[in-house]
Amino acid sequence: MSTIFRLDSSIRTESSVSRAVADTLEASVIEAEGSDTTVIRRDVGLSPVPSDVWATSAFAGFTPEGDRTDEQLAAQAVAAELADEVVAADVLVIATSLYNFGVSQHLKTWIDTVITDPRFAPGTQTVKGKPAFLVLARGGGYGEGTPREGWDHATAYLRRILEDVWGLDLDVIETELTLAEVTPQMAELRDLARQQLAESHEAARTSGRSVTVKLRSAA
Ligand SMILES: Cc1cc2nc3c(=O)[nH]c(=O)nc-3n(C[C@H](O)[C@H](O)[C@H](O)COP(=O)(O)O)c2cc1C
């Protein structure tokens, strides 16, 4: 029996592309792994980790155990709960969106808070080698040669944390031009946007199936 950790961070539910593609991926993993697959859900888009938990938990780590305040202990308990969910999973699905050319603040707070748990301190790599998927949605286009090439400051950061700091076996499924359908100035990009969305769902289906192979070879 496998366990998926599914994190969402889009601030919307209606029409969310990252949630929809992650749904396809999750369904594909469950189809491949069996209906007894457990899904641990964390939705920081709808229920953000309070932004002050990170600093309080971080400072608790610099405070001798007996001297920690109740507030520090509570923040550490939140960090431990978030970290437990990641550690318990066999597969991670992290869905997110590009906001103001950067990473979702809710996802960043979640990452920062998890890193305050001793199991995720830099250099620990507690989840090294676990299969993981980063499902990203961007309203615009940032490809090579486009006017905003280099303006996506989220993807490289997320790769750095998930792949390099945590050591996950990461696949990235990116969907661009998601605003084309609702933005008149992007009307001519709608066909391309629809094609990209279809390709992302297909990639999610294929990736979901591939998880079984990864899990068996790791066992
Ligand atoms: C507050 C806000 C800021 C956004 N900033 C950007 C941005 O800087 N660049 C971009 O390409 N899209 C931007 N978008 C569009 C989202 O990236 C796009 O709608 C994406 O599909 C959102 O993910 P979701 O579909 O899962 O909700 C922004 C959307 C919102 C609501």
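Remember, it's 1-based here, ligands and their atoms both numbered in the order they're listed. For the single chain, residues carry numbers from 1 onward in sequence order. Every heavy atom of this structure was used, including side-chain atoms; hydrogens, water molecules and symmetry mates were not. Note that the coordinates shown come from a computational prediction; the quantities given were computed from them, not determined experimentally.
Side-chain contact between Phe120 and Leu82: absent, with no pair of heavy atoms (C-beta onward) separated by less than 4.5 Å.
Applying the ring-ring contact (aromatic ring centres under 6.0 Å, His included) criterion to Trp110, with sequence neighbours excluded, gives Phe5, Trp166. Every residue two or more places apart in sequence or in another chain that forms a side-chain hydrogen bond (donor to acceptor under 3.5 Å, both in side chains) with Asp152 is listed here: Arg138, Thr155.
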Just the distances, no angles: every ligand 1 N or O to protein N or O pair closer than 3.5 Å, one line each.
from, atom 1, to, atom 2, distance (Å)
ligand 1, 5 (N), Asn100, N, 2.8
ligand 1, 8 (O), Asn100, N, 3.1
ligand 1, 8 (O), Phe101, N, 2.7
ligand 1, 9 (N), Tyr142, OH, 2.8
ligand 1, 11 (O), Gly139, N, 3.2
ligand 1, 11 (O), Gly140, N, 2.8
ligand 1, 11 (O), Tyr142, OH, 2.5
ligand 1, 12 (N), Gly139, N, 3.2
ligand 1, 14 (N), Leu98, O, 3.4
ligand 1, 17 (O), Leu98, O, 2.7
ligand 1, 17 (O), Gly139, N, 3.3
ligand 1, 21 (O), Thr178, OG1, 2.7
ligand 1, 23 (O), Ser97, OG, 2.8
ligand 1, 25 (O), Arg12, NH2, 2.8
ligand 1, 25 (O), Val17, N, 2.7
ligand 1, 26 (O), Ser16, OG, 2.6
ligand 1, 26 (O), Val17, N, 3.3
ligand 1, 26 (O), Ser18, N, 2.9
ligand 1, 26 (O), Ser18, OG, 2.5
ligand 1, 27 (O), Ser10, OG, 2.6
ligand 1, 27 (O), Arg12, NE, 2.7

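Between Lys214 and Asp90 there is no salt bridge, since no side-chain nitrogen of the basic residue lies less than 4.0 Å from a carboxylate oxygen of the acidic one. Look at Glu181 and Arg194 and you find a salt bridge, because one of the NZ, NE, NH1 or NH2 atoms lies within 4.0 Å of a carboxylate O, short of that distance.
Residues in residues 32-45 take part in these salt bridge (Lys or Arg N to Asp or Glu O under 4.0 Å) pairs, two or more places apart or across chains: Arg19-Asp43, Glu26-Arg41, Glu33-Arg216, Arg42-Glu81, Arg42-Glu85.
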